[in-house]
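Small disclaimer: the values here were computed from a predicted structure and weren't measured. Throughout, a chain's letter reflects where its sequence line sits, starting with A, and its residues are numbered from 1.
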Amino acid sequence: MPELPEAEYMVRRLAECAPTTKIQSLTILRPSLVAPQSPDELTATVAGRKVLGYARRAKNVLLHLDHGWSLRVQLGMTGHFFWIPDSRQLPRFTRLWFALPHHAAFVFEDSRTFGNLHLHRTEDLPTVFASYGPEPLDPAFTWQHLQASAARAHGPVKPFLLDQSKLVGLGNIWAAESLFAARLAPHRPLPSLTAPEWKALHKAIRQTLSAAIANTFRVTASAEEFPEADLLACRVYGRVGQPCRRCRQPIARFVQAGRSTFHCPNCQL
DNA sequence: TCGATCCTGTAG
DNA sequence: CTACAGGATCGA
């Protein structure tokens with residue numbers, strides 16, 4: 001499920017709920033999610049360690065521990081990582097959980113089990129992420145960087161936006177929403193994009209992601225839990241057949257690289 | 001660069 | 001029952 005905004009939200013919530021804490025033990029209910037590490041070895045390495053802080057890289061949630069190791073949570077399609085006050089009330093799809101003081105817990109809930117959890121030396125993290133493209137919300141990230149990452153690339157613009165080696169953080173929803181905001185058709189060939197269009201796309205991506213982070217906080221402040229797609233105020237994603245919020249023409253859906261693409265055929269050019 | 005695939009759940 | 005699901009990876 002989660003893309004950059006949801007991963008960012010999880011990290012900020014963790015920092016609020018448990019700025020630092022001690023991991024007492026780890027319970028792995030689904031060993032395949034930590035493979036190839038053995039559950040026992042992983043448990044031995046983290047049990048008794050203190051969590052010093054949290055970070056996000058691309059769609060990964062990172063927990064930095066006090067002995068030079070970091071846990072990396074890859075959320076996959078349906079993963080959530082969060083703090084709960086009472087480990088006696090674990091959510092339905094809990095796949096593993098960390099016992100914390102006073103019965104609190106970190107929970108990894110992942111119905112579809114595409115997520116995973118890995119342990120790395122903290123100093124090795126740059127190597128782990130070596131194949132990743134730039135962070136779109138990095139202040140140093142310019143539209144020229146975006147354009148440059150597409151140099152020599154062919155094919156349509158939307159699959160490009162999903163390619164984490166070109167640019168991290170976008171998934172199927174926010175790629176579609178960014179293209180809508182930039183008024184660009186998802187099937188536009190990369191070489192056809194003009195400089196003003198790259199500029200517009202860059203702006204659209206940053207605004208879309210920033211707004212999505214803010215909106216996740218706004219929605220969850222009242223509703224609790226993680227927001228469903230229909231609560232995220234999408235302008236095209238999942239809205240096939242419904243009127244475009246800009247021009248009232250029906251939103252269309254087609255399949256691109258095996259994924260659903262939603263767009264307005266009338267006002268995305 | 002595309003398609004298949006991992007696995008489980010939900011909606012129609 | 002079938003279709004579909006916000007991700008990542010591998011092989012041709």
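OP1 or OP2 of dG6(C) has not a single side-chain nitrogen or oxygen of K59(A) nearer than 4.0 Å.
Nucleotides dG3(B) and dC4(C) place their P atoms 16 Å apart, quoted to the nearest Å. Annotation: dG6(C) and dG12(B) have their P atoms spaced 16 Å apart (nearest Å). For the P atom pair drawn from dG9(B) and dT9(C), the interatomic distance equals 23 Å after rounding to whole Å. Rounded to the nearest Å, the gap between the P atom of dA4(B) and that of dA3(C) is 15 Å.
The distance from atom CD of Q256(A) to atom C1' of dT1(B) is 13 Å, rounded to the nearest whole Å. The interatomic distance linking N60(A) (CG) with dG7(C) (P) rounds to 13 Å, in whole Å. Between the P atom of dG6(C) and the CD atom of E109(A) lies a distance of 18 Å, rounded to the nearest Å. Between F254(A) atom CZ and dA3(C) atom C1' there is a gap of 19 Å when expressed in whole angstrom units. Between the P atom of dT9(C) and the OH atom of Y132(A) lies a distance of 6 Å, rounded to the nearest Å. Atom CZ in F108(A) sits roughly 11 Å away from atom C1' in dG7(C) (whole-Å rounding). For the pair L162(A) CG and dT9(C) C1', the interatomic distance rounds to 14 Å; values are reported in whole Å. In this structure, R259(A) places its CZ atom 17 Å from P of dC6(B), rounding to the nearest Å.
The side chain of H154(A) lies closest to dT1(B) when the candidates are dC4(C), dT1(B), dG6(C). Of the listed nucleotides (dG7(C), dC2(B), dA8(C)), dC2(B) has the atom at the smallest distance from the side chain of P156(A).
Side chain E6(A) to base dG6(C): a donor-acceptor pair is found below 3.5 Å.
Between F106(A) and F81(A), the ring planes lie tilted relative to each other; the angle falls in the 30° to 60° range.
Residue contacts for S32(A): at a heavy-atom cut-off of 4.0 Å it reaches no nucleic acid atom on any strand shown. G171(A) comes within 4.0 angstrom of the backbone, heavy atoms only, and of no base.
In this structure, dC2(B) forms a base pair with dG11(C), meeting either the Watson-Crick or the G-U wobble geometry with both donor-acceptor distances under 3.5 Å.
To the nearest 0.5 Å, atom OG1 of residue T216(A) and atom CZ of residue R12(A) are 9.5 Å apart. To the nearest 0.5 Å, atom CD1 of residue I205(A) and atom CH2 of residue W143(A) are 13.5 Å apart. Here F129(A) contributes atom CZ and D124(A) contributes atom CG; the two are 11.0 Å apart, rounded to the nearest 0.5 Å.
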Protein-nucleotides 7-12 of chain B N/O pairs under 3.5 Å:
{"from": "dC7(B)", "atom 1": "O2", "to": "R112(A)", "atom 2": "O", "distance (Å)": "3.4"}
{"from": "dT8(B)", "atom 1": "OP1", "to": "R30(A)", "atom 2": "NH1", "distance (Å)": "2.9"}
{"from": "dT10(B)", "atom 1": "OP1", "to": "R92(A)", "atom 2": "NH1", "distance (Å)": "3.0"}
{"from": "dT10(B)", "atom 1": "OP2", "to": "R92(A)", "atom 2": "NH2", "distance (Å)": "3.4"}

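Looking at E177(A), Q256(A), E3(A), K158(A) one by one, the single match for side chain to side chain donor-acceptor pair (under 3.5 Å) with N172(A) turns out to be K158(A).
Figure legend: R121(A) and W69(A) shown as a cation-pi pair, the cationic atom lying under 6.0 angstrom from the six-membered ring centre and within 45 degrees of its axis. Cation-pi geometry between R30(A) and F108(A) is not met: the NZ or CZ atom fails to fall both under 6.0 Å from the ring centre and inside 45° of the normal.
Under the 4.5 Å side-chain heavy-atom criterion for Ile, Leu, Val, Met, Phe, Trp and Tyr, F93(A) and F98(A) are members of distinct hydrophobic clusters.
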